[in-house]
Each structure stands twice: as structure tokens, then as C-alpha cells.
Amino acid sequence: MKTKLSILLVLFCFLSFPVLAQEKTKKELKAEKELQQQKEIDALIASKKFVFEAQKVNPQGGRLIILDYNTYFLKFNTEKTTCDLPFFGRGFNVPYGGGDGGIKFEGTPENIRIEKKKKSSTFRATVKGKDDVYDLMFTIFSNGSASLSVNSNNRSPISYDGVISAPKAEENKN
């Protein structure tokens with residue numbers, strides 16, 4: 001009886017000590033969070049459904065312009081891509097009256113290509129809008145920041161810096 005009691009006492013002592021070896025350091029937690037974020041970004045790229053929100057504009061031959069509000073976007077989807085981005089630059093073939101003043105289009109993307117690198121991915125697509133054809137090139141980094149270059153037939157090239165995210169729930173229903 002004494003041996004059983006002593007064995008239970010020793011076993012209880014071992015189980016009551018906190019397990020310090022399994023606690024994670026701040027560095028490990030940060031690395032784990034970055035890995036999770038990278039997996040989410042990779043899943044967005046693989047699904048080909050994401051929203052790019054522009055924060056800065058870099059027109060060709062101009063200086064960097066910081067956008068005030070998060071109202072400029074490009075919603076990428078394989079069925080329908082919608083874009084509403086500002087344009088600062090030279091237009092070569094503009095409709096009478098000046099057009100809509102920005103890069104605004106809806107269309108179905110074609111020639112979608114994805115190239116993976118170590119810390120970033122390059123995502124390319126071509127979208128035919130109502131009056132123009134747009135070549136889109138995203139450089140998407142593992143932390144969710146992205147750069148978008150837009151080339152079109154009727155305007156000078158322009159690039160945007162921003163972030164990508166998953167489409168919101170109400171956008172998925174439309």
C-alpha cells in the first residue's frame with residue numbers, strides 16, 4: 001500500500017509542475033503568425049479571388065501620390081473583374097468629353113499567369129474593358145502588401161501600391 005501511495009505521490013508531483021518547455025517565445029509566435037498570413041495570401045492567389053485596395057499611386061514620369069481614402073479598388077475574380085482606380089498621366093486616345101477620369105472597367109480576365117518566388121508572387125492577367133484592354137501585373141508579397149502595374153492601349157503605364165484581402169461576404173453573394 002505504501003508503494004502505491006508513494007508512486008501516486010511522485011506521479012502527482014510530476015504532473016503538477018507547469019510545462020515550461022512547451023511555452024513559445026515571442027519570436028516563435030511571430031514566425032508562426034507570419035507563416036499563417038503567408039498561407040492565407042497563397043490561398044487567395046490560388047483561388048484567384050481577391051480585392052486590391054490602392055493606397056499610393058506612382059504615375060509614369062510623376063511623383064508618388066498618397067491616396068486619402070480607401071475607396072480605390074480592383075476586385076479580381078475569374079468571372080468578373082471590377083476596377084475603380086484614379087489615373088494621373090497621359091491619355092493617348094480619350095473619348096470626347098474626357099471620359100470617366102480614372103481607370104474604371106468591368107470585364108472577364110484572360111491569360112491568367114501566376115509565378116511563385118521565395119517571398120512574393122507575380123500574378124498577371126489581361127482584361128478587356130468597354131473601350132480599352134488592360135494588362136494587369138500584381139506583385140504580391142507574403143505579408144499581404146502588393147504592387148499593381150496597369151498598362152493599356154490608350155493611356156500611359158501607371159502603378160499602385162496597396163494591400164490585398166479576401167472579398168467581403170456580401171461581395172461573394174453578388
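Predicted, not measured: the structure shown is a model, and the values here were computed from it.
- Distance CZ/Phe52 to CZ/Phe73: 12.5 Å, rounded to 0.5 Å.
- Inter-residue side-chain proximity for Ile103 and Val150 is flagged as met; some heavy-atom pair is nearer than 4.5 Å.
- Note: the hydrophobic cluster containing Leu35 does not contain Ile164 (ILVMFWY, side chain heavy atoms under 4.5 Å, direct or indirect links).
- Between Thr122 and Met137, some side-chain heavy-atom pair lies under the 4.5 Å cut-off.
- Here the straight-line distance linking atom CD1 of Ile65 with atom NZ of Lys56 works out to 13.0 Å at 0.5 Å rounding.
- Hydrophobic clustering, with ILVMFWY side chains joined whenever heavy atoms are under 4.5 angstrom apart, groups Phe88 together with Tyr72.
- Note that CZ of Phe87 and OH of Tyr160 are 7.0 Å apart. Values are rounded to the nearest 0.5 Å.
- Residues Thr108 and Glu79 approach most closely at OG1-O, 3.3 Å, considering heavy atoms.
- The side-chain heavy atoms of Gln36 and Glu40, taken from C-beta on, include a pair separated by under 4.5 Å.
- Here the side chain of Ser120 pairs no donor or acceptor atom with the backbone of Lys117 at under 3.5 angstrom.
- Using modelled atom types, one side-chain atom of Glu28 and one backbone atom of Thr25 make a donor-acceptor pair closer than 3.5 Å.
- Residue pairs meeting the ring pair (Phe, Tyr, Trp, His ring centres under 6.0 Å) criterion with at least one partner in residues 26-50, sequence neighbours excluded, are Phe50-Phe76, Phe50-Phe123, Phe50-Phe138.
- Note that CZ of Arg124 and CD1 of Ile112 are 13.5 Å apart. Values are rounded to the nearest 0.5 Å.
- How far NZ of Lys116 is from OG of Ser121: 3.5 Å, rounded to the nearest 0.5 Å.
- Panel note: side chain Thr126, backbone Asp135; no donor-acceptor pair is recorded below 3.5 Å.
- In this structure, Leu67 CG and Gln55 CD are separated by 8.5 Å, a value rounded to the nearest 0.5 Å.
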**OP:** Determine, stepwise, if the pair Ile45 / Ile140 fulfils side chain to side chain contact (heavy atoms under 4.5 Å, CB included).
**Re:** CA-CA 9 Å; Ile45 294 169; Ile140 303 169; 3.9 Å; yes
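- Residues that satisfy the side-chain hydrogen bond (donor to acceptor under 3.5 Å, both in side chains) test with Ser145, not counting sequence neighbours, are Asn143.
- Cluster membership for Ile114 and Leu148, using ILVMFWY side-chain heavy atoms within less than 4.5 angstrom, is shared.
- The two residues Leu44 and Ser165 make their nearest non-hydrogen contact at CD1-C, 3.7 Å.
- The closest donor-acceptor contact from the side chain of Arg155 to the backbone of Gly102 lies under 3.5 Å.
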Subject >> Ile41/Ser142 under side chain to side chain contact (heavy atoms under 4.5 Å, CB included): CA gap, chis, key distance, verdict >> reply: CA-CA 6 Å; Ile41 296 299; Ser142 60; 6.0 Å; no
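- Asp132 places a side-chain N or O within donor-acceptor distance of the main-chain N or O of Asn153, the cut-off being under 3.5 Å.
- Within a 6.0 Å radius of CZ in Arg113, more than 12 heavy atoms belonging to other residues, nucleotides or ligands are found.
- Counting only distance, with no hydrogens or angles, the side chain of Ser147 and the backbone of Thr139 share no donor-acceptor pair below 3.5 Å.
- Considering only heavy atoms from C-beta on, Leu74 comes within 4.5 Å of Thr81 through its side chain.
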